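This is a predicted model, so every value here is computed, not measured.
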Amino acid sequence: MIAYGEETLEEALTSRIAAAASLRRRWFDPLQTNAIRWINAEGDGLPGLIVDGYGEVLVVQIAHPGMERIKPLIVERLVQELRPKTILEKSTSFLRKKEGLQEVRAVLYGEAVEEVEVIENGLRYSVDL
């Protein structure tokens with residue numbers, strides 16, 4: 001369940017992504033930490049959706065058939081709110097398999113990226129995506 005009452009699915013998705021992003025922007029200084037979990041599924045009112053940020057790259061995990069069906073809308077809203085250069089999908093969890101969904105590893109937006117440099121508390125790391 002994402003939308004309630006008179007709220008449309010599009011409105012709900014937009015508002016929940018914006019609220020999650022606003023919360024993380026208040027907590028994290030991107031000059032000190034740019035590897036963060038932008039969306040934490042149920043914790044942000046978006047069950048079955050996890051979005052991790054590694055600098056200008058987002059990695060999306062979808063574990064629910066409902067989220068799978070609106071994947072293009074999710075990508076559109078993430079681009080609008082977070083302005084990434086790349087969005088990768090790495091949906092390989094056991095929950096996805098339980099729901100009868102196949103594993104997915106794909107580029108959803110931008111160009112393929114295999115490695116990226118991130119900052120955590122001022123320390124730089126190379127991350128193999």
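- In this model, a donor atom of one side chain and an acceptor atom of the other lie less than 3.5 Å apart for Ser22 and Arg26.
- Leu46 and Val75 end up in the same hydrophobic cluster when Ile, Leu, Val, Met, Phe, Trp and Tyr side chains are linked at under 4.5 Å.
- How far NE2 of His64 is from CD1 of Ile70: 10.5 Å, rounded to the nearest 0.5 Å.
- Cluster annotation: Val118 and Val57 are assigned to the same hydrophobic cluster (Ile/Leu/Val/Met/Phe/Trp/Tyr, side-chain heavy-atom contacts under 4.5 Å, transitive).
- Of all non-hydrogen atoms in Asn34 and Pro30, the two that sit nearest each other are CB-O, 3.8 Å.
- Within the 4.5 Å cutoff, no side-chain heavy atoms of Ile39 are placed close to those of Ile50.
- At least one side-chain heavy atom of Arg25 sits under 4.5 Å from a side-chain heavy atom of Trp38.
- Residues Glu10 and Arg77 form a side-chain contact, since some pair of their non-hydrogen atoms from C-beta on lies under 4.5 Å apart.
- Put simply, Val113 and Leu78 are part of two different groups of oily side chains (I, L, V, M, F, W, Y) that touch within less than 4.5 Å, one to the next.
- The shortest side-chain heavy-atom distance between Leu13 and Leu73 falls under the 4.5 Å cut-off.
- Between the OG1 atom in Thr14 and the CD atom in Glu76 there is a gap of 8.0 Å [rounded to 0.5 Å].
- Side-chain atoms of Ser91 and Gln61 form no donor-acceptor pair, as typed in the model, at a separation below 3.5 Å.
- No side-chain heavy atom of Lys90 sits less than 4.5 Å from a side-chain heavy atom of Val60.
- To the nearest 0.5 Å, the span separating CD on Glu89 from CZ on Arg105 amounts to 10.5 Å.
- Both Ile62 and Leu9 belong to a common hydrophobic cluster when Ile, Leu, Val, Met, Phe, Trp and Tyr are linked at side-chain heavy-atom distances under 4.5 angstrom.
- Residues Gly48 and Glu42 share a closest heavy-atom pair of N-OE2, 3.9 Å.
- Ion pairing between a basic and an acidic side chain is recognised when a charged N comes within 4.0 Å of a carboxylate O; Asp44 and Arg24 show such pairing.
- Annotation: the span from Phe94 atom CZ to Glu103 atom CD amounts to 13.0 Å, rounded to 0.5 Å.
- The distance from atom OH of Tyr125 to atom CD of Glu120, rounded to the nearest 0.5 Å, is 6.0 Å.
- Residue Glu115 places its CD atom among more than 12 non-hydrogen atoms of other residues, nucleotides or ligands, all under 6.0 Å distant.
- Here the side chains of Thr86 and Leu58 are not in contact, with every heavy-atom distance at 4.5 Å or above.
- With a 4.5 Å cut-off on side-chain heavy atoms, Ser15 and Glu7 count as touching.
- Follow the hydrophobic side-chain contacts under 4.5 Å out from Met67 and you reach Val51 in the same cluster.
- Annotation for Val104 and Arg96: closest pair CG2-NH2, 3.2 Å, computed over non-hydrogen atoms.
- One distance of note links CD1 of Ile17 with CG of Leu82; it measures 7.5 Å at 0.5 Å rounding.
- Side-chain contact between Lys71 and Leu108: present, with at least one pair of heavy atoms (C-beta onward) separated by less than 4.5 Å.
- A distance-only check finds a donor-acceptor pair linking the side chain of Thr33 to the backbone of Asn121 [under 3.5 Å].
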